Amino acid sequence: MPAHTTHVSPAEAVPPAEAVAPTDAVAPAEAVAPLLRGIAVLRRLTEAHDGTLSLSALEKTTGLARSTVDRLTATLARMGYVRLDGRDVTLAPRLMELGNAYLAALHLPHLLSARADALADELDESVSLAVGDRDGVRFIHQATRRRAMSLSFRIGDLLPAERTAPGPLFATQWTDADWHHWRERRAADPADHTFPAVPPREHPTPDDDFVLRTSTAASDGYALDDQLIEPGLVALSVPVRDLRGTGTGRLACVASVVSHTSRHTAPDLRTALLPRLRAAVTAMETDLRTAAPPTPGPPRTDLATWTGASKQELGREFVESLARGLTVLTAFGEGRSALTLTQVAKATGLTRATARRALITLTHAGLVTPAPDATFTLTPRVLSLGFPPLSRTSLPEIAQPHLTALADRVHESASLAVLSDSGEEIQYTAQASAPHVLSARVTLGTRLPAHATALGRVLLAHPEVRARGYALVDEELEAGLRAVAVPVHDRTGRVAAAINVATHAARRTPTACETELLPELSRTAAAIEADLRVAGRFVHVPPR
């Protein structure tokens with residue numbers, strides 16, 4: 001068996017596998033049951049194909065009573081974490097703030113993602129960064145190539161360590177308890193059905209194969225995946241170590257180059273790309289060593305007040321203990337990777353007793369781990385709460401429910417558009433229609449001259465439009481058509497898209513468009529921007 005390295009405190013490192021409590025363990029007496037149930041609901045939704053399940057499906061997969069599922073989902077909807085559409089429940093972009101808290105506290109994506117992106121451009125191959133999660137591997141950054149044969153892995157996806165290139169490198173630091181857990185999991189799930197991100201294993205390999213790969217990785221300083229996930233997929237991994245202080249440095253994460261056999265065999269991948277991967281990793285390690293400590297941002301201190309007000313407004317339908325428990329996760333972040341109980345209570349506005357019970361529950365769920373110095377840190381398992389499916393959300397998908405709500409409020413058609421690559425046309429990417437016989441309807445993908453539309457004038461940012469913050473077009477594109485549009489900004493402040501409301505001239509005057517439609521349109525743009533800020537913090541949100 002491979003030699004084990006010295007155990008590192010969870011307060012100083014990526015949380016070690018053994019600190020994560022098994023999800024089937026008996027809950028402590030002080031655990032908050034509604035919080036555990038809410039976490040179960042979010043995990044079932046995350047495992048669903050598109051982040052959507054019916055209420056009856058959630059009842060079946062969680063084993064909870066329908067009334068309990070209704071109350072939990074109503075609470076999550078109030079928090080903006082899910083959307084309720086009839087009998088369906090869908091994950092919402094705002095939920096990504098939980099995974100963002102982990103990634104911000106980890107600080108690695110902020111420091112290393114630019115290096116990974118540059119390497120992907122240099123090699124014209126996909127590059128990923130991963131951390132260990134018990135006996136699995138989770139991605140924290142992906143720089144993929146746009147090809148017909150491309151990777152479907154998402155940030156936060158969990159893969160079994162033995163079927164990956166990073167796995168053996170993480171396993172070099174496993175304890176005896178980790179190896180025991182790994183063997184138990186392999187025996188209980190030989191086909192890897194508990195890892196929905198990978199295809200089921202058709203031909204199980206002996207445990208000794210992975211033990212040997214781990215020993216080899218320890219001596220070579222790199223590891224290969226030769227079609228272990230599925231035929232055609234190959235990967236090469238090198239450890240990224242934090243060299244601050246003394247010693248050889250702890251394993252901070254693993255950088256991988258991923259390709260397919262039509263471009264590289266596994267040995268060829270090693271021969272051709274290992275030197276350049278190692279050079280990039282050396283630069284990453286320098287960044288880790290020389291980076292200034294992150295400056296803590298201001299935590300939200302109104303969370304307890306907000307949950308209390310929501311409980312007063314919604315009554316029994318709002319499960320306050322679930323909302324308060326999840327807000328504890330958002331207390332962590334950049335410059336706040338390890339917090340004491342007192343710091344968690346202060347950051348959230350919760351009492352010490354409430355914060356303590358929430359931390360006990362989150363520790364049992366594997367989302368938080370305690371350290372010997374009385375601090376707590378988030379684990380990679382926080383990414384299991386909706387992050388993988390939401391990490392591939394596009395701007396039209398973010399905007400669509402908001403456009404639908406806008407169209408319902410004003411009883412007019414609403415649209416989202418972006419500039420074409422030429423900059424001379426707009427392209428419609430999302431729309432919600434109004435219940436009128438005569439209404440503005442366009443086919444998604446339709447292009448129109450930018451200068452002749454309200455959407456285009458916002459996107460082109462003409463001087464007058466920039467000063468007013470909106471554009472109004474009165475029967476210029478088509479007789480009888482009036483439209484007002486406002487910009488949608490991304491988290492950097494750049495105009496990423498525009499939304500409009502279109503009406504017939506017989507229904508609203510130009511003044512009515514400004515007094516009745518513009519406020520609702522601005523409100524909708526602000527809601528889309530809020531979701532976009534959360535969704536785009538650590539992932540690229542496609543504009544189309």
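Owing to the predicted nature of the structure, the values given are computational and were not obtained by experimental measurement. Side-chain atoms are counted along with the backbone in the values below, which use heavy atoms only and exclude waters and symmetry mates.
Heavy-atom minimum distance, Thr361 versus Val32: OG1-N, 2.7 Å. The nearest pair of heavy atoms linking Ala74 to Leu84 is CA-CD1, 4.3 Å. Closest non-hydrogen pair, Pro109 versus Phe538, comes out as CB-CD2, 3.9 Å. Closest approach of Pro487 to Glu529, counting heavy atoms only: O-OE2, 3.7 Å. Minimum interatomic distance between Val258 and Ser128 (heavy atoms only, all atoms of both residues): CG2-OG, 4.5 Å. Val254 and Pro239 get closest at one heavy-atom pair: CG2-CA, 4.2 Å.
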Salt bridge (charged side-chain N to carboxylate O under 4.0 Å, His left out) between Arg241 and Glu285, worked out: CA-CA 6 Å; Arg241 300 188 181 279; Glu285 292 175 340; 5.6 Å; no
Please assess Arg381 against Arg43 for the test side chain to side chain contact (heavy atoms under 4.5 Å, CB included), listing each intermediate value before the final yes or no. CA-CA 10 Å; Arg381 199 154 297 187; Arg43 283 177 169 161; 3.5 Å; yes
Show the numbers, then the answer: is there a side chain to side chain contact (heavy atoms under 4.5 Å, CB included) between Trp174 and Asp135? CA-CA 9 Å; Trp174 284 1; Asp135 61 347; 3.9 Å; yes
Apply salt bridge (charged side-chain N to carboxylate O under 4.0 Å, His left out) to residues Asp178 and Arg134 and explain how you reach the verdict. CA-CA 7 Å; Asp178 297 328; Arg134 204 172 191 182; 5.7 Å; no
Verdict with reasoning, Arg491 to Arg537, per side chain to side chain contact (heavy atoms under 4.5 Å, CB included): CA-CA 8 Å; Arg491 62 179 295 106; Arg537 185 171 182 186; 3.7 Å; yes
Evaluate side chain to side chain contact (heavy atoms under 4.5 Å, CB included) for Val501 paired with Glu520, printing each intermediate quantity in order. CA-CA 9 Å; Val501 171; Glu520 291 292 340; over 6 Å; no
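Side chain of Arg138 to main chain of Gly156: a donor-acceptor pair is present (N/O by atom type, distance under 3.5 Å, no hydrogens or angles). When atom types are taken as modelled, the side chain of Asp192 and the backbone of Pro200 share no donor-acceptor pair closer than 3.5 angstrom. Panel note: side chain Asp242, backbone Arg250; no donor-acceptor pair is recorded below 3.5 Å. Between the side chain of Arg163 and the main chain of Ile229, a donor-acceptor pair closer than 3.5 Å is present. The closest donor-acceptor contact from the side chain of Asp225 to the backbone of Leu228 lies under 3.5 Å. Proximity of a side-chain donor or acceptor of Thr61 to a complementary backbone N or O of Ala57 within less than 3.5 Å is detected. Under the 3.5 Å distance criterion, the side-chain polar atoms of Asp133 are left unmatched by any main-chain donor or acceptor of Val137. One N or O on the side chain of Ser391 and one on the backbone of Pro388 form a donor-acceptor pair closer than 3.5 Å. For Thr62 (side chain) and Ala40 (main-chain N/O), no donor-acceptor pair under 3.5 Å exists by modelled atom type. No donor-acceptor distance shorter than 3.5 angstrom exists from the side chain of Thr354 to the backbone of Leu350, with no hydrogens or angles considered.
When side chains are defined from C-beta on, Tyr81 does not count as touching Leu91, because their heavy atoms never get closer than 4.5 Å. Taking the side chain as every heavy atom from C-beta outward, Phe139 and Arg154 never approach each other to under 4.5 Å. Looking at heavy atoms from C-beta onward, Arg544 lies out of side-chain contact with Leu395 at the 4.5 angstrom threshold. Leu329 has its side chain within reach of Leu385: a pair of non-hydrogen atoms, C-beta onward, lies under 4.5 Å apart. Taking the side chain as every heavy atom from C-beta outward, Pro160 and Arg185 approach each other to under 4.5 Å. Using a 4.5 Å heavy-atom threshold, the side chains of Leu362 and Phe376 count as separate. In this structure the side chain of Arg392 never reaches within 4.5 angstrom of the side chain of Glu397, judged on heavy atoms. Counting heavy atoms from C-beta on, the side chains of Glu313 and Arg78 come closer than 4.5 Å.
Note that CG of Leu103 is 14.5 Å distant from CZ of Phe332, once rounded to the nearest 0.5 Å. With rounding to the nearest 0.5 Å, the separation of CD1 in Ile140 from CG in Leu383 is 9.0 Å. Between atom SG of residue Cys253 and atom CG of residue Leu106 there is a gap of 8.0 Å, rounded to the nearest 0.5 Å. Remark: Arg44 CZ to Glu59 CD distance equals 15.0 Å, nearest 0.5 Å. To the nearest 0.5 Å, atom CD of residue Glu47 and atom CG of residue Leu158 are 10.5 Å apart. Atoms CZ and CG, on Arg289 and Asp287 in that order, are 9.0 Å from each other to the nearest 0.5 Å.
Within a 6.0 Å sphere centred on CG of Asp85, heavy atoms belonging to other residues, nucleotides or ligands number 12 at most. Summarising the local packing, CZ of Arg356 is surrounded by 12 or fewer heavy atoms from other residues, nucleotides or ligands at distances under 6.0 Å.
Relative ring orientation between Trp182 and Phe210 is described as tilted, the plane-to-plane angle lying within the 30° to 60° band.
When each of Leu98, Thr46, Asn100 is tested with Phe387 by the rule side-chain contact (heavy atoms from CB on, under 4.5 Å), just one qualifies, namely Asn100.
Between the side chains of Thr404 and Gln400, at least one donor-acceptor pair of N or O atoms lies under 3.5 Å. If you check the side chains of Ser54 and Ser56, you find a donor sitting under 3.5 Å from an acceptor. A donor-acceptor pair shorter than 3.5 Å cannot be found between the side chains of Thr327 and Thr330.
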